[in-house]
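Below you'll find the structure, written out as structure tokens, and then a few comments.
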Amino acid sequence: MIDDQPDIRHPSDLPFDDSLWDAVAVAFERHTGRRAAIAANGVGFVLVAVQLAVLSIPWTGGHSHFRHDAVVVGTFGLAYFAVAVLVGVHRGERRAERAFGWVRQRRAPTAQERTLTLGFVSAEAIDELGGWLLGAILIAVVHAVLEYPVLYTVRVGIIIALGGLTSGALSYLLLERVARPVLRIVLAGEAPPAGAVLGLRGRLILSWLLSGAVPVVLLGTAALGLTPAERAWLPVSLSVLAALSVVAGLAFTAAMAWSLVEPVVGLQAAQRRVQNGDLSAQIPVDYGGEVGRLQAGFNHMVEGMRERERLHDLFGRHVGAEVARFAMTGGVRVGGERRPASVLFVDLIGSTSLAQRLPPESMVTMLNDMFAAVVDCVGVEGGWVNKFEGDAALCVFGPPDNTIEHAAAVLRAARSLRTALATLAERYPELDAAIGVSTGVVVAGNIGAEHRYEYTVIGDPVNVAARLTEKAKAVPERILVAYDTIADAPGEARWWQPHDTLMLRGRSTPTKTFAPLPVHETTAART
């Protein structure tokens with residue numbers, strides 16, 4: 001059947017390293033689970049013995065049945081406890097072999113093994129409770145044969161049953177702790193199924209039973225089967241019992257609280273990592289119930305954040321970080337608005353002939369290095385690359401947020417880009433690029449259709465920058481800037497000198513242009 005086949009054949013296919021499998025295997029080889037079950041039953045036996053010693057042996061030496069009950073219950077109880085432990089260990093090991101055989105074989109569990117693994121702790125605890133209840137019934141039968149008073153027999157049965165409840169609950173907590181590495185593997189980061197293990201509601205009810213209800217029941221039934229003379233000493237017994245109940249209740253409540261607090265502490269630590277920007281944070285899902293689902297939910301949430309971060313990064317690389325931020329704040333409607341802006345256009349000279357002479361790989365490498373210089377120089381000054389057009393790039397300063405002095409920024413970017421391209425030409429002698437810069441009012445916005453658009457700028461400054469780039473190919477400095485840009489950035493004027501007044505293609509009026517100072521004059525202007 002399909003359900004009998006493991007989902008994954010080899011542990012290397014699981015998202016865990018060998019150390020986790022080794023830890024689980026060592027725990028089983030050392031019989032940690034067996035020792036936990038024996039310890040829980042031992043605690044239950046001691047508690048029952050102490051309670052019977054306090055409540056069942058009268059302080060006045062009354063009825064002979066009571067005097068002999070310590071011997072009867074003690075002898076029978078020890079014998080039954082030894083047999084019950086042996087039977088329980090045998091049953092537990094058989095159940096563990098069926099539930100955890102896949103661990104020893106280092107493979108993924110089948111669907112049946114997964115169900116048995118998730119239900120193992122609860123099954124063991126219920127088995128132990130059943131053994132204690134059976135012991136209570138057998139003690140009642142022994143008392144009936146010996147003709148003990150009925151009320152006294154009821155009281156002894158209640159003490160043993162409550163001891164079994166304590167033992168079963170303690171066994172559940174200890175075995176759950178031992179089984180956490182196994183749960184981490186079997187759940188593999190996914191949320192545990194509902195009802196597979198004891199949830200928060202069940203834990204709180206169990207905590208109330210053991211720390212509140214059990215002591216109250218013991219105190220309330222302490223007088224059952226006692227004579228008036230024996231009741232005179234009852235306050236002493238109740239005081240001892242109350243003190244024991246306070247200590248036992250505090251210990252169990254602390255253990256239960258830690259079982260709830262520990263995963264929350266792990267979640268808090270992982271949450272702090274996420275708050276500090278570490279989206280690699282992930283916690284193992286090694287608890288069942290609501291806590292396990294919370295752990296899995298945290299992992300899924302962080303995975304969603306990582307996915308959104310990847311999309312944000314990809315989106316920013318395609319359209320520019322500034323446009324991405326603008327879009328994420330709500331600027332995603334189709335249409336545009338008039339904005340002042342500065343535009344820088346850069347174009348590789350002789351790209352057609354270069355494509356014929358250079359291998360495609362070399363051509364692409366050179367273009368990528370050139371565009372990397374463009375992105376760096378433009379980004380430093382607050383601009384962004386609107387689009388790459390084959391061997392050219394259109395860069396925008398100003399929109400979408402208009403928080404920078406775009407004219408001064410574009411001039412600084414043009415000068416630094418000129419230097420960067422000159423340095424790059426030492427590696428690529430074939431590389432030669434022209435730059436055109438213009439300033440004015442553009443229409444900026446999302447251009448396209450409702451389901452497919454891009455943020456861009458259109459208008460006369462874009463056309464002027466493109467035409468100036470064509471003219472700049474014949475200028476030694478390879479840069480031409482429209483006068484409007486210089487006029488809007490008087491602080492940058494010292495780095496530029498007047499060039500020709502040009503009639504650009506497609507324009508009815510001439511354009512006054514500027515070019516950068518020669519290198520030696522630029523040095524003098526800097527000093």
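Along the sequence shown, residues carry numbers from 1.
Contact check for Val410 versus Glu381: no side-chain heavy atoms found under the 4.5 Å cut-off. A heavy-atom distance below 4.5 Å is not found between the side chains of Asp484 and Val464. Side-chain contact check for Val378 versus Phe397: some heavy-atom pair is nearer than 4.5 Å. Side-chain contact between Trp495 and Arg412 is absent, with no heavy atoms from C-beta onward closer than 4.5 Å. Side-chain contact between Trp496 and Glu477 is absent, with no heavy atoms from C-beta onward closer than 4.5 Å. In this structure, Met366 and Leu348 have side chains that are in contact, with non-hydrogen atoms separated by less than 4.5 Å. Here the side chains of Phe388 and Leu367 are not in contact, with every heavy-atom distance at 4.5 Å or above.
Separating the CG atom in Leu468 from the CG atom in Asn463 is a distance of 11.0 Å, to the nearest 0.5 Å. Summarising the geometry, atom CD1 belonging to Ile486 is positioned 12.5 Å from atom CZ belonging to Arg494; distances are rounded to the nearest 0.5 Å. The structure places CZ of Arg415 at 9.5 Å from CG of Leu517, a figure rounded to the nearest 0.5 Å. Annotation: the span from Thr511 atom OG1 to Leu504 atom CG amounts to 4.0 Å, rounded to 0.5 Å. Rounding to the nearest 0.5 Å places CZ of Phe345 at 14.0 Å from CG of Leu480. Rounded to the nearest 0.5 Å, atoms CG (Asp500) and NZ (Lys471) are 10.0 Å apart.
For residues 349-362, the side-chain hydrogen bond (donor to acceptor under 3.5 Å, both in side chains) pairs, not counting sequence neighbours, are Ser351-Asp391. For residues 400-436, no pair satisfies ring pair (Phe, Tyr, Trp, His ring centres under 6.0 Å), with sequence neighbours left out.
The shortest heavy-atom contact between Ile404 and Gly382 is CD1-O, 3.7 Å. Of all non-hydrogen atoms in Pro461 and Ser438, the two that sit nearest each other are O-CB, 3.4 Å. When every heavy atom of Ala373 is checked against every heavy atom of Ala420, the shortest pair comes out as CB-CB, 4.2 Å. When all heavy atoms of Ala125 and Tyr172 are compared, the pair lying nearest together is CB-CB, 4.0 Å. For Glu128 against Ser171, the heavy-atom pair with the smallest separation is OE2-OG, 2.9 Å. Closest non-hydrogen pair, Pro399 versus Arg339, comes out as CG-CB, 3.8 Å.
Across Val374, Ile479, Val481, Asp347, a single residue satisfies side-chain contact (heavy atoms from CB on, under 4.5 Å) together with Ile435, and that is Ile479.
Annotation: side chain to side chain contact (heavy atoms under 4.5 Å, CB included) contacts of Ala434 (sequence neighbours excluded): Ile349, Thr469, Ala472, Lys473. For Arg273, the salt bridge (Lys or Arg N to Asp or Glu O under 4.0 Å) partners are Asp278, not counting sequence neighbours. Residues passing the salt bridge (Lys or Arg N to Asp or Glu O under 4.0 Å) test with Arg507 are Asp460, sequence neighbours excluded. Remark: Glu470 engages Arg505 in a salt bridge (Lys or Arg N to Asp or Glu O under 4.0 Å) (not counting sequence neighbours).
Side-chain atoms of Arg478 never come within 3.5 Å of backbone atoms of Arg418 as a donor-acceptor pair (strictly under, hydrogens ignored).
Salt bridge status for Asp369 with Arg427: present, with a side-chain N to carboxylate O gap under 4.0 Å.
Within 6.0 Å of OH in Tyr483 there are 12 or fewer heavy atoms belonging to other residues, nucleotides or ligands. Within a 6.0 Å sphere centred on CD of Glu492, other residues, nucleotides and ligands contribute more than 12 heavy atoms. Residue Lys387 places its NZ atom among more than 12 non-hydrogen atoms of other residues, nucleotides or ligands, all under 6.0 Å distant.
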Show, in sequence, the C-alpha distance, side-chain angles and deciding distance for Leu279 and Val274, and conclude whether the side chain to side chain contact (heavy atoms under 4.5 Å, CB included) test is met. CA-CA 5 Å; Leu279 296 184; Val274 174; 4.0 Å; yes
